Amino acid sequence: MGVVTDVCLEFLGGVFASWCQARGILIDSIEPGKPSQNGFVESFNGRLRDECLNETLFTSLSHAKQVLEAWRYDYNHHRPHSAHQGATPAQFAAQAEKGYTPFSA
């Protein structure tokens, strides 16, 4: 398991690097000016920032966990995604567990 980041200097120092190392998480960085190397997550990051992070003033760590979990649940269980041909991520995962995906037909 690993983390890909384009913000090397901010995240690769100190606490974050130690936390990753203690958990066996590899840290990799994309080349400067090459966001397309991590493009699959750019849309998700934008939605998370616009719909949740920019809209919420977190009052505590527990509040942040509660708000982010509610947003994650909504994103995965109530929103159809065009990448999944109109299925939610939860529906798509359930189909994949049964050996069927819209892409395997």
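Worth saying up front: this structure is predicted, and the values here are computed from it rather than measured.
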Heavy-atom pair with the smallest gap, counting every atom of Phe58 and Ala64 =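 Closest approach of Phe58 to Ala64, heavy atoms only: CD2-CA, 3.3 Å.
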What closest approach, in Å, do Pro80 and His78 show between heavy atoms, and which atom pair accounts for it?
->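 Smallest interatomic distance, heavy atoms only, reads CD-O, 3.6 Å.
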Nearest-0.5 Å distance, CZ of residue Phe92 to CD of residue Gln95 =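 Reported to 0.5 Å precision, the distance equals 7.5 Å.
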Sequence-distant partners of His81, ring-ring contact (aromatic ring centres under 6.0 Å, His included), two or more places apart |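 In terms of ring-ring contact (aromatic ring centres under 6.0 Å, His included), with neighbours along the sequence ignored, His81 is linked to Tyr75, His84.
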Could you state whether Tyr73 and Phe44 fall into the same hydrophobic cluster, counting links through intermediate Ile, Leu, Val, Met, Phe, Trp or Tyr residues with side-chain heavy atoms under 4.5 angstrom apart?
->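 They do not share one cluster, since no chain of ILVMFWY contacts under 4.5 Å joins Tyr73 to Phe44.
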According to a 4.5 Å side-chain heavy-atom criterion applied to Ile, Leu, Val, Met, Phe, Trp and Tyr, with indirect links allowed, do Ile27 and Trp19 form part of one hydrophobic cluster?
->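 Same cluster: Ile27 reaches Trp19 through Ile, Leu, Val, Met, Phe, Trp or Tyr contacts under 4.5 Å.
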For Asp74, check side chain to side chain donor-acceptor pair (under 3.5 Å) against everything at least two apart and list the hits.
->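 Asp74 satisfies side chain to side chain donor-acceptor pair (under 3.5 Å) with Arg79 once adjacent residues are dropped.
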Could you pull out all residues at least two apart from Arg72 that satisfy side chain to side chain donor-acceptor pair (under 3.5 Å)?
->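 Arg72 satisfies side chain to side chain donor-acceptor pair (under 3.5 Å) with Glu69 once adjacent residues are dropped.
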Could you pull out all residues at least two apart from [X] that satisfy side chain to side chain contact (heavy atoms under 4.5 Å, CB included)?
X	answer
Gln66	His63
Gln21	none
Ala93	none

